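Basis for what follows: all heavy atoms, side chains included, without hydrogens, waters or symmetry-related copies. Keep in mind that this is a model prediction, so the values were computed, not measured. Note on naming: letters A, B, ... go to the chains in the order of the sequence lines (proteins, then strands), and numbering restarts at 1 for each one.
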Protein chains: 2
Amino acid sequence: MQVQVISSVNEASTARFHHKTAVIIDALRATSTIVTAIAAGALCVIPAETVMEARALQRPGDLLGGERFCRRIAGFDLGNSPEEYTEQAVAGKRIVLTTTNGTRAIHKAMRADYVLTASFLNADACARAAVDLRRDVVILCAGSHDEFAIEDGLCAGLVLDRMHAALGGPIDMDDFGTAMLAMYKDRSARLKETIMNGSSGKRLLKLGMKRDIEACSAVDVYREVPRLNGDQLTRG
Amino acid sequence: MQVQVISSVNEASTARFHHKTAVIIDALRATSTIVTAIAAGALCVIPAETVMEARALQRPGDLLGGERFCRRIAGFDLGNSPEEYTEQAVAGKRIVLTTTNGTRAIHKAMRADYVLTASFLNADACARAAVDLRRDVVILCAGSHDEFAIEDGLCAGLVLDRMHAALGGPIDMDDFGTAMLAMYKDRSARLKETIMNGSSGKRLLKLGMKRDIEACSAVDVYREVPRLNGDQLTRG
């Protein structure tokens, strides 16, 4: 099993996902929000690339969620904070979600055999699911503003660490994967601090969204692995 | 002083270097070879992007050096192994050098106010020179085959570590810089092993060039900082 890690969504070409398992990471906040929604009992999350597409996909009873410039989109039911996706709000509902980077990353990977979404919240479960699927793996760090984002790299390192444990031996990784695993190991005791000092972390702090960072940086809270079926992310 | 780190040469746009100090890293092997040549008394190293350009730049008495597919170019005086660049071979000579990634990276950065070349061999000296130049810094990891190469990332982390020491305090880095510094810290006791397990390292091992990896992974051996003056790299 070979594992490649891609540093940001604009580095990803769709061809790289053929016959692979894709693991999509946008830890602040899309993939954290998605797993929180699924764990809270949402029927599915439908990723949409644009606001217009999200509105077009909405059927009666569906919730619209997402952000632009980190804020809830006008007229949408929900933003992109995991905390909003409570059982009360989302259980039994379909959610159409559009975010700046995360949903774009999921669309990039659609040609993969399997598409899983990972975050700190479900890293171990996602790593084990990826190992069980017995395909080569491409981990796509969504990044931010077309650049590498440290929280996504740390989460990739965490997933690699958990895959290593699940496989019971070293993983055949590319150089970027080796770097992310080493980086995670250096920072594992200071994850939240490192995330808050990153550029996305600073941006959210400035907007008063510290609680989102805290909610997104908890490790292995959920066993759910949202997985793409057609155009819907469902409980894996 | 802000520091950005670019993961590979195809990520680098010339605009990012304006008014900055560029630090170019191609640890296996171009920037290691360049500092070895300058330390051995070469007058200058002239980076050329193509074999044809190298031949055109050669004046009587100049040496031609470089590689394609890791091997010495037919008809050239020298390859891209630091060991070839002895005092006996290069002292008092101008060297025209063309390599697959390193010389391309130097050309990308030509609009910077200053262009320095760094390797494990002269990381501390280069870090101090960059700090003394009092510009924002862009560290460009050349990479290999248009991908991130772990040895260049490790060397970037080492340079950041040394800049931190020279500044006597934390550096204002982008997320990729933070990642490379953390990765270096995790791996600093196993540098050579990590480099040999990387994709460039494996390629050189397969070609029987283990001694090159050993020569290139020694830390802080030289105080020379080859620096671009016009089209020539000279003792800084």
Side-chain donor-acceptor pairs under 3.5 Å in residues 206-213 of chain B, sequence neighbours left out?
unit_1   : atom_1 : unit_2  : atom_2 : d
B:Arg211 : NE     : B:Glu83 : OE2    : 3.2
B:Arg211 : NH2    : B:Glu83 : OE1    : 3.4
B:Arg211 : NH2    : B:Glu83 : OE2    : 2.8
B:Asp212 : OD1    : B:Ser81 : OG     : 3.2
B:Asp212 : OD2    : B:Arg29 : NH1    : 2.7
B:Asp212 : OD2    : B:Ser81 : OG     : 2.7

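- The distance from the CD1 atom of A:Ile6 to the CD atom of B:Glu147 is 8.5 Å, given to the nearest 0.5 Å.
- Per-residue heavy-atom pair counts under 4.5 Å with chain A were compared for B:Ser144, B:Gly157, B:Ser199, and the maximum is reached by B:Ser199.
- In A:His18, the NE2 atom is crowded: over 12 heavy atoms of neighbouring residues, nucleotides or ligands sit closer than 6.0 Å.
- The contact list for residues 170-195 of chain A toward chain B, using heavy atoms and a distance under 4.5 Å, reads A:Asp175, A:Phe176, A:Thr178, A:Ala179, A:Met180, A:Ala182, A:Met183, A:Lys185, A:Asp186, A:Arg187 by residue number.
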